[in-house]
Student: 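Got a structure for you, written out below as structure tokens; questions coming shortly.
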Amino acid sequence: MASPKKIGIPWPEFNDGLSYDDVVRPSDAGLTLIEFYSTKYKSSAPLQGWLQRIKSDQITLDARVVTDPNTILRVGSKLVYHRIPWKEPDAPHTIEVLYEDDDIIALNKPSGLQVLPGGLFQQRTVLTQLQWETNNKSTIEAHQKPHPVPVHRLGRGTSGILLCAKTKLARARLASYFADGTSRIEGKGHTNQELGKIAKIYRALVSGIINNDQVTINQPIGMVKYPGVAKGLYVASQSGKPALSVVHVLERNVKENSTLVQVKIQSGRPHQIRIHLSFIGHPLLGDPLYAVGGQPKCLDCDFLDESFAEDG
């Protein structure tokens, strides 16, 4: 039997850095450079941090490096903060290809690899490896190359099948299929019947023993403010958006006080499985974020790495 195809180039020690663009609005005109960054992006760095970035030639104003923190800003000026390259946390770089044709590619995403850029992971992602794989196929003209992109996400710690589209049509069709289940859930009269053209089924190991062989969870998921996470954190919330998970028990381990479950989700809310299982009193084993009830473990934490909260 032929060995499965794999893609993946080892990660360089440092990424390429990032650039963040801003255009000075009328409401910001007259502010000094340091006032602009230390107030508008205070969650990115404290005042001294932004002073250091300015002094280190990391800010350009209208394409020219500016090192005076007291420079007055004018309407329409273009600001760019150049984040220097950094060493991203360890992540797998090899990905197995499960299926591929002219329209789609299905990958076996390993645990520990992020799908799209976010937080500390800007280069070490599935998307980057797909882009590198495409660029390495030099036999095709650049304008004719397919540019595969993931059409859904799996959490960084989650392994499983990841579908990627190679054409605009495939991307649109797959996106509509994934959205179909969620849109029906948001309707007034949804039932537990098979929904949508794509089924998303996961396995998880949870704490405690689930007594019923099947549990249906329709707890809405919303967002709350959370320390260190600018966008907020997703939690179980009655004012949130509808979500539906159907849990089947596969195995109970009384000795280890754990249950192996299979979860079919008909909607794709962020952290849905983690939130729903913790909501019914059975958080995923080792989950550092969610406690019983679908709420975060520490609402009074002084700080939490935003990438940790975004992608587990």
Student: Picking from Lys87, Glu88, Gln129, what satisfies side chain to side chain contact (heavy atoms under 4.5 Å, CB included) with Trp11?
Tutor: Gln129
Student: Are there more than 12 heavy atoms of other residues, nucleotides or ligands under 6.0 Å from atom CD1 of Ile84?
Tutor: no
Student: Quick one, Thr134 and Gln131 - any side-chain contact, counting heavy atoms below 4.5 Å?
Tutor: no
Student: Test salt bridge (charged side-chain N to carboxylate O under 4.0 Å, His left out) on Arg171 and Asp103 and set out the steps.
Tutor: CA-CA 9 Å; Arg171 184 178 183 179; Asp103 298 297; over 6 Å; no
Student: Can we say Asp28 and Lys40 salt-bridge, meaning some charged N sits less than 4.0 Å from an Asp/Glu carboxylate O?
Tutor: yes
Student: What's the shortest heavy-atom distance between Pro10 and Trp132, and which atoms?
Tutor: O-CZ3, 4.4 Å
Student: Carefully, step by step, assess Gln122 and Trp86 under the rule side-chain contact (heavy atoms from CB on, under 4.5 Å).
Tutor: CA-CA 10 Å; Gln122 294 295 324; Trp86 71 93; 3.6 Å; yes
Student: Inspect the contact between Arg83 and Asp16 and indicate whether a charged nitrogen and a carboxylate oxygen are less than 4.0 angstrom apart.
Tutor: no
Student: Parallel, tilted or perpendicular: which one describes the rings of His152 and Phe178, with boundaries at 30° and 60°?
Tutor: parallel
Student: Any idea how Tyr41 and Trp50 line up, ring-wise: parallel (<30°), tilted (30 to 60°), or perpendicular (>60°)?
Tutor: tilted
Student: Between Lys166 and Glu100, is there a side-chain N and carboxylate O pair less than 4.0 Å apart?
Tutor: yes
Student: Go through it in stages, so that I can follow the logic: the residues are Glu251 and Thr259, the test is side chain to side chain donor-acceptor pair (under 3.5 Å), and I'd like the CA-CA distance, side-chain angles, deciding distance and then a yes or no.
Tutor: CA-CA 6 Å; Glu251 183 179 332; Thr259 306; over 6 Å; no
Student: Regarding Asp62 and Lys78, does a basic nitrogen lie under 4.0 Å from an acidic carboxylate oxygen?
Tutor: no
